[in-house]
Amino acid sequence: MPRCTAFSRPPAVETWAPISTVTSMRFRFAPSPTGVLHIGGARTALYNWLASRGEKGELVLRLEDTDPERSTEENVASILEALEWLELDWDIGPLRQKEREDRHRECVQQMLESDLAYRDPASAEEVASWKKENGNRGYRGKGADDPSAAVRLRVPDEGETVVRDEIHGDVSFPNSAIDDFVIARSDGSPLYNLAVAIDDLDMEITDVVRGDDHLSNTPKQILVMEALGTTPPRYAHLPLLHGPDGKKLSKRHGADSVQALRDSGYLPEAVRNYIALLGWGTEDDETLLTTEDLIARFRIDRVGKAAAIFDEQKLRWMNGRYMRGLPVDDYTARVAAFIDREVDDRLRDACEMAQEKAQTLAEVWPLIGYLFEEPELDEKAWRKVMKEGSADLLESSHSALADLEGFGVPEVEKALEQVVVDSGAKPGAVYQPVRVALTGGSVSPGIFETVSALGQEQTLSRIEAAIDRCRSEQGATG
RNA sequence: GGCCCCGUGGUGUAACGGUUAGCACGCCAGGUUUUCAACCUGGUAGCGCGGGUUCGACUCCCGCCGGGGCUACCA
């Protein structure tokens, strides 16, 4: 059996570690730049990252860009940006598969010369009809002396190819059902199943961790490796991620890309924690796990087999937990970056006040914006809150607050509580109108904090404006 | 159609040949003499179906049903 002896030579990319230094496990994350990094891809990246850190191994980042039609530089940049935001790094790369085309062509040539592969001009239609006539068996071409024909690998008719999978166990595929698949196009350019096999071999990848959608491709890659006289790495095929409708995650599922998650105000550490739990869980059911915990506890062989549905509600909850656990300065810095504002004491105080309320960075500004600009009135909230006696209660609140010397939370609290006592109204009947008057909406931080933070002057003038509006509305309708 | 994978509450998961099938999100109901998306307490809800194996099956085997992937000179 002829071998592709060139495998023993160090790959021609300087960022690679010398093969002699490979002592432990080497993982790889190999996204195709044919689109942005979506949640499923992010999880695959995370699992590879966790495993490579946990096992004291290495991680290779490789861009599978052998499809010139669909691969773009924009996608490459987007994927890199997504990984950076997720704070996932790698040891080797980013490598580009396209740059290794010579190597791939060289292997094809060798396989051709040793008759492990052959040229076949058959079109897709011809292959289809062949299969139809042959009871759906794997396609076997006759081979032709046509230098411009695509190259197919010779797949044996007998036996089976077994994928040894860390998650699924052994999965076997009858060779007779596998087509003599194309490994190089008519123009000689290498195809995915060939390039992946050669690169995983050359880069001495010990563990291939990727999505379940590749499980059916794996025997083909193993066949390539066997044709080249080498043994395949270990595999682990992750169950796919589905959208809320149970279908494969796609664009229409909303927050599907990493950037969309970022722009929705989620924290990278929360996203990591959340997606780590999609398909994997600990023995003791811990839910909130720091990245250190994840690295220490993640086990690829404990990953489940069933597809999981991405549930944004749980991510929101988890994100809120992380938000509330942040030191105020850190919290403020993240909010500032998110809303594109400078950090200052005012913002810091506002953030501190809002911290226990917001679940995402995007929810912070709506809670504190009234401190920085005239709020926009939420008509619905106004109608819900402003009842018949509201104007009078607002006036009571106004005078109680106007009399105040200090305007700290304790003073405000005491004053407004007195209004409640004196009026005999329910607390909500007193506080909600004030809240709407000040913030425009019915949701804000605690009412005393909300009032105190705005300051006496602004508070009084906004309450006055609200009273005016109440009166005029009553006049108009009554 | 062919090959392959998967199937614990609405969602993510845990455990296990013998448990009242656990945890978390959600949801519902209270509580927080201030809204609420935060917080606290309680509650609701599950082993897809049918056969086996077994003293005993969610757990092992088979069939079915359901979902998914691959089946490109895409990755």
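Here is the naming used below: chain letters follow the sequence lines, and residue numbers restart at 1 for every chain.
Listed pair A/H168 / B/C6 meets the phosphate criterion, a side-chain N or O lying under 4.0 Å from OP1 or OP2. An OP1 or OP2 oxygen of B/G1 is reached within less than 4.0 angstrom by no side-chain nitrogen or oxygen of A/R137. Residue A/T66 has a polar side-chain atom (N or O) positioned under 4.0 Å from OP1 or OP2 of B/A75. At the phosphate of B/A38, neither OP1 nor OP2 sits under 4.0 Å from any side-chain N or O atom of A/Q355. Look at A/R185 and you'll find a side-chain N or O under 4.0 angstrom from OP1 or OP2 of B/C74. Distances shorter than 4.0 Å separate none of the side-chain N or O atoms of A/R70 from OP1 or OP2 on B/A75.
Between the P atom of B/U33 and the CD atom of A/E417 lies a distance of 9 Å, rounded to the nearest Å. Following rounding to the nearest Å, A/K314 (NZ) and B/U11 (P) show an atom-to-atom distance of 13 Å. Taking atom OH on A/Y431 and atom P on B/U32, their separation rounds to 14 Å, with Å as the unit. Atom CG of A/L240 is separated from atom P of B/G7 by 14 Å (rounded to the nearest Å). One can place CG of A/D212 at 19 Å from P of B/C3, the figure rounded to the nearest angstrom. Distance NZ (A/K380) to P (B/U35): 18 Å, rounded to an integer number of Å. Protein atom CD of A/E312 is 18 Å distant from nucleotide atom P of B/A37, rounded to whole Å. Between the CZ atom of A/R316 and the P atom of B/C36 there is a distance of 17 Å, rounded to whole Å.
Mapping A/V303 and A/Q313 onto RNA chain B via the closest heavy atom, the residue that lands nearer the 5' end is A/V303. Mapping A/V127 and A/I167 onto RNA chain B by nearest heavy atom places A/I167 at the nucleotide closer to the 5' end.
With a cut-off of 3.5 Å on both pairing distances, the Watson-Crick or G-U wobble partner of B/G7 is B/C65. Look at B/C70: its Watson-Crick or wobble partner, with both distances under 3.5 angstrom, is B/G2.
Backbone-only contact: A/L277 has heavy atoms under 4.0 Å from sugar-phosphate atoms and none from a base. If you check every strand for non-hydrogen atoms under 4.0 Å, A/R119 touches nothing. Contacts of A/Y192 with the nucleic acid, taken as non-hydrogen atoms under 4.0 Å apart, include base atoms. Looking at heavy-atom distances under 4.0 Å, A/R210 makes no contact with the nucleic acid at all. Among the heavy atoms of the strands lying under 4.0 Å from A/S186 is at least one base atom, whether or not backbone atoms are also near. Using a 4.0 Å heavy-atom distance criterion, A/H237 is classed as making no nucleic acid contact. When heavy atoms are screened at a 4.0 angstrom cut-off, A/S172 is found touching the sugar-phosphate backbone but no base atom. Residue contacts for A/P68: at a heavy-atom cut-off of 4.0 Å it reaches no nucleic acid atom on any strand shown. The residue A/S216 sits close to a base: some heavy atom pair falls under 4.0 Å. As judged by a 4.0 angstrom heavy-atom cut-off over every strand, A/G320 is placed among residues making no nucleic acid contact. Residue contacts shown for A/F448 include a base, since a base heavy atom lies under 4.0 Å away. Residue contacts shown for A/S123 are absent, as no nucleic acid heavy atom lies under 4.0 Å away. Backbone-only engagement by A/V182 is indicated by non-hydrogen atom pairs under 4.0 Å involving sugar-phosphate atoms exclusively.
When atom types are taken as modelled, the side chain of A/Y274 and the backbone of A/K314 share no donor-acceptor pair closer than 3.5 angstrom. No donor-acceptor pair under 3.5 Å is formed between the side chain of A/S71 and the backbone N or O of A/P68. Side-chain atoms of A/S452 never come within 3.5 Å of backbone atoms of A/E449 as a donor-acceptor pair (strictly under, hydrogens ignored).
Both tests hold for A/R469 against A/W382: distance to the six-membered ring centre under 6.0 Å, angle to the ring axis within 45°.
The nucleotide whose nearest atom lies closest to any side-chain atom of A/L367 is, among B/C25, B/A37, B/G22, B/A37. Nearest nucleotide to the A/K131 side chain, out of B/C73, B/C4, B/U71: B/U71. Distance from the side chain of A/L278 is smallest to B/G12 among B/C73, B/A15, B/G12. Among the nucleotides B/G7, B/U35, B/C4, the one closest to any side-chain atom of A/L215 is B/C4.
Contact of A/K305 with B/C6 (side chain to base): no donor-acceptor pair of N or O atoms is detected under 3.5 Å. Applying the 3.5 Å distance criterion, the base of B/U35 shares a donor-acceptor pair with the side chain of A/K357. Side chain A/D311 to base B/G12: no donor-acceptor pair is found below 3.5 Å. For B/A75, the base has a donor-acceptor partner in the side chain of A/N217 [N/O atoms by modelled type, under 3.5 angstrom].
Ring to ring, A/Y47 and A/F27 are not that close: their centroids are 6.0 angstrom or more apart.
With contacts defined as side-chain heavy-atom distances shorter than 4.5 Å, the pair A/R435/A/Y370 does not qualify.
A/N273 and A/Y322 share a donor-acceptor pair across their side chains, judged by distance under 3.5 Å alone. Donor-acceptor pairing under 3.5 Å is lacking for the side chains of A/H237 and A/D213.
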